[in-house]
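Working notes, structure below.
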Amino acid sequence: MQENENRNIEEATARVKKRLPLEKIRSIPKYKHLTSDGYEKLMKDSETIALLILKAFMLKK
């Protein structure tokens with residue numbers, strides 16, 4: 001079960017990276033000087049926030 005969840009998260013992250021590649025993120029003035037390492041951290045942080053929101057939503061129900 002945990003493996004399946006991890007695979008789903010990895011697939012979702014890959015879809016986000018495909019829709020928002022580094023070049024597109026750099027077109028936003030705030031992220032103009034974003035490095036590839038910074039991009040990976042941004043994606044990981046975004047994933048963490050999304051998972052926390054989902055967890056809070058599921059616990060509320």
Side-chain angles (χ1 to χ4, degrees):
M1 172 119 162
Q2 185 69 21
E3 270 184 38
N4 194 25
E5 288 177 12
N6 288 341
R7 186 170 44 92
N8 289 341
I9 292 169
E10 289 172 8
E11 289 173 358
T13 302
R15 287 192 301 269
V16 169
K17 286 181 178 181
K18 185 176 181 181
R19 290 182 186 157
L20 290 171
L22 178 57
E23 297 78 29
K24 193 169 186 178
I25 296 290
R26 282 184 178 159
S27 69
I28 302 168
K30 180 179 179 179
Y31 298 108
K32 187 171 137 180
H33 301 291
L34 189 66
T35 64
S36 58
D37 288 338
Y39 174 74
E40 290 299 322
K41 183 171 178 2
L42 180 65
M43 290 295 118
K44 185 66 177 168
D45 291 349
S46 300
E47 177 184 303
T48 301
I49 290 169
L51 290 172
L52 288 171
I53 291 169
L54 284 172
K55 186 174 183 179
F57 180 74
M58 297 302 286
L59 289 175
K60 190 174 181 180
K61 284 189 171 190

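Worth saying up front: this structure is predicted, and the values here are computed from it rather than measured.
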Sequence neighbours left out, what passes side-chain contact (heavy atoms from CB on, under 4.5 Å) with [X]? Give chain and number order.
X	answer
I28	K30, Y31
L22	R26, L34, S36, Y39
S46	L42
D45	K41

> Is any side-chain N of the basic residue among K44 and E47 closer than 4.0 Å to the acidic one's carboxylate O?
Replying inline: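 E47 and K44: salt-bridged.
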>> Between R7 and E3, does any NZ, NE, NH1 or NH2 come within less than 4.0 Å of an OD or OE carboxylate oxygen?
In response: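 Answer for the salt bridge query: no.
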>> Out of the candidates K24, E23, K18, only one should pair with L20 under the side chain to side chain contact (heavy atoms under 4.5 Å, CB included) rule; please name it.
In response: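 Among the candidates, only K24 passes.
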> Quick one: does E40's side chain get under 4.5 Å of K17's, heavy atoms only?
Replying inline: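 Result yes, sub-4.5 Å side-chain heavy-atom pair found.
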>> Through direct or indirect side-chain contacts below 4.5 angstrom among Ile, Leu, Val, Met, Phe, Trp and Tyr, which residues connect to L51?
In response: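 I9, which link up through side-chain heavy atoms under 4.5 Å apart, make up the rest of the cluster.
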>> Using a 4.5 Å cut-off between side-chain heavy atoms of Ile, Leu, Val, Met, Phe, Trp and Tyr, which other residues end up in the same hydrophobic cluster as I53?
In response: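 Members other than I53 - counting any ILVMFWY side chain reachable under 4.5 Å - are I49.
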